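We count ligands from 1, going down the list as the structure has it; atoms in each ligand are counted the same way. Because the structure is a prediction, the values reported are computed rather than measured.
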Amino acid sequence: MNKEPIVIIENLDHYYGKGNLRKQILFNINLILKAGEVVILKGPSGSGKTTLLTLMGGLRSPQMGSLKVLGKELVGTQKQVLVKTRRNIGYIFQAHNLLDCLTARQNVQMSLELHNGFSSAELKQKSTEMLEAVGLGDYVNYYPKNLSGGQKQRVAIARALVSHPKMVLADEPTASLDSKSGYDVVSLMQKLAKEKECTILIVTHDNRILDVADRIIELEDGHLVT
Ligand code: ADP
Ligand code: MG
């Protein structure tokens with residue numbers, strides 16, 4: 001089997017600001033993410049982790065170098081290509097970003113509704129099954145305000161994974177959790193990713209979760225160090 005890498009980054013630089021305020025944030029990044037790999041990206045605050053993650057996720061336009069995601073070059077591409085790329089990626093952020101007015105199932109279902117072709121019964125079933133997979137089968141009709149931090153983050157994982165994305169990008173997913181729930185959440189992500197051959201990139205400076213990774217990479221002042 002000859003699997004093409006999910007992400008190929010070559011000589012990627014990134015700058016914020018214009019004129020006198022222009023500041024280089026990422027320096028000559030070279031990185032490959034393979035299918036089904038769980039990679040942890042660590043590094044001090046301000047080292048450029050979120051910037052790199054948002055570039056890989058098509059959430060920000062890359063400026064120079066080469067960044068290929070799922071076979072598409074994103075440097076110099078149109079907005080439409082970025083938007084299309086995003087549909088194949090699941091996102092998990094530090095704050096779970098659930099909608100308070102929707103139940104756990106409705107939050108998960110919302111991300112499926114962006115993909116056409118499911119009947120409403122199928123949407124409901126798939127969302128419920130995904131919540132069962134993250135251990136929240138008894139909570140499908142709960143609103144976020146009645147769930148614990150760890151439970152909310154598990155709903156966010158279900159939402160990110162329900163459409164079977166090729167890649168999940170998680171930015172400090174354990175930052176608001178105690179160490180036990182943090183570890184549980186991340187090992188659950190890893191287990192589901194392995195089952196579904198999904199590539200996962202987890203940004204963290206939580207040393208307690210490093211052992212879920214196949215590989216650990218590190219940013220320091222915008223440089224990838226190994
Ligand atoms: P990390 O996630 O590792 O903490 P970031 O990628 O968020 O790092 O930030 C890297 C650097 O870029 C920091 O110095 C930050 O202040 C700066 N930065 C982040 N976002 C912006 C932005 N939208 N405009 C200008 N500077 C930014
Ligand atoms: Mg960050």
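Of all the heavy atoms in M189 and A170, the pair that sits closest is CE-CB, 3.7 Å.
For the ligand labelled ligand 1, residue G222 lies outside the 4.0 Å heavy-atom shell. Distances from ligand 1 to the non-hydrogen atoms of G43 include no value under 4.0 Å. Residue contact annotation: G17 has no non-hydrogen atom under 4.0 Å from ligand 1.
At a threshold of 4.0 Å, the pair D206-R208 counts as salt-bridged, since one of the basic side-chain nitrogens sits closer than that to a carboxylate oxygen.
With values rounded to the nearest 0.5 angstrom, E220 atom CD is found 8.0 Å from S47 atom OG. Distance NZ/K152 to CG/N107: 11.0 Å, rounded to 0.5 Å. Here the straight-line distance linking atom CG of L188 with atom CG of D184 works out to 8.5 Å at 0.5 Å rounding.
Between H14 and Y16, the ring planes are perpendicular. Angles over 60° get that label, and only those under 30° would be called parallel.
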### Query
When you look at L33 and R215, which way does the side-chain contact (heavy atoms from CB on, under 4.5 Å) test go after all the steps?
CA-CA 10 Å; L33 299 184; R215 191 151 64 96; 3.9 Å; yes

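Residue side and main chain included, T50 places an N/O/S atom under 2.8 Å of the Mg ion (ligand 2).
With a 4.0 Å heavy-atom cut-off, ligand 1 is reached by the backbone of T50 and by its side chain too.
Looking from atom 9 (O) of ligand 1 to the surrounding protein, the closest heavy atom is T51 OG1, 4.0 Å. The protein non-hydrogen atom at the shortest distance from atom 23 (N) of ligand 1 is Y16 CE2, 3.9 Å. Ranking the protein heavy atoms by distance from atom 4 (O) of ligand 1 puts G46 N, 2.7 Å first. Protein heavy atom nearest atom 12 (O) of ligand 1, with residue, atom name and distance: I25 CD1, 3.3 Å.
Those atoms of ligand 1 that come under 4.0 Å of a heavy atom in G48, given as number and element, are 1 (P), 3 (O), 5 (P), 6 (O), 8 (O), 10 (C). Near K23, with a cut-off below 4.0 Å to any heavy atom, the atoms of ligand 1 are 14 (O). For ligand 1, the atoms closer than 4.0 angstrom to any heavy atom of P44 are 3 (O).
Remark: the backbone N or O of V38 is paired with a side-chain donor or acceptor of D214 at under 3.5 angstrom.
A donor-acceptor contact under 3.5 angstrom links the side chains of Y183 and D211, judged on distance only.
Note that atom 15 (C) of ligand 1 has no protein non-hydrogen atoms nearby, at separations under 4.0 angstrom.
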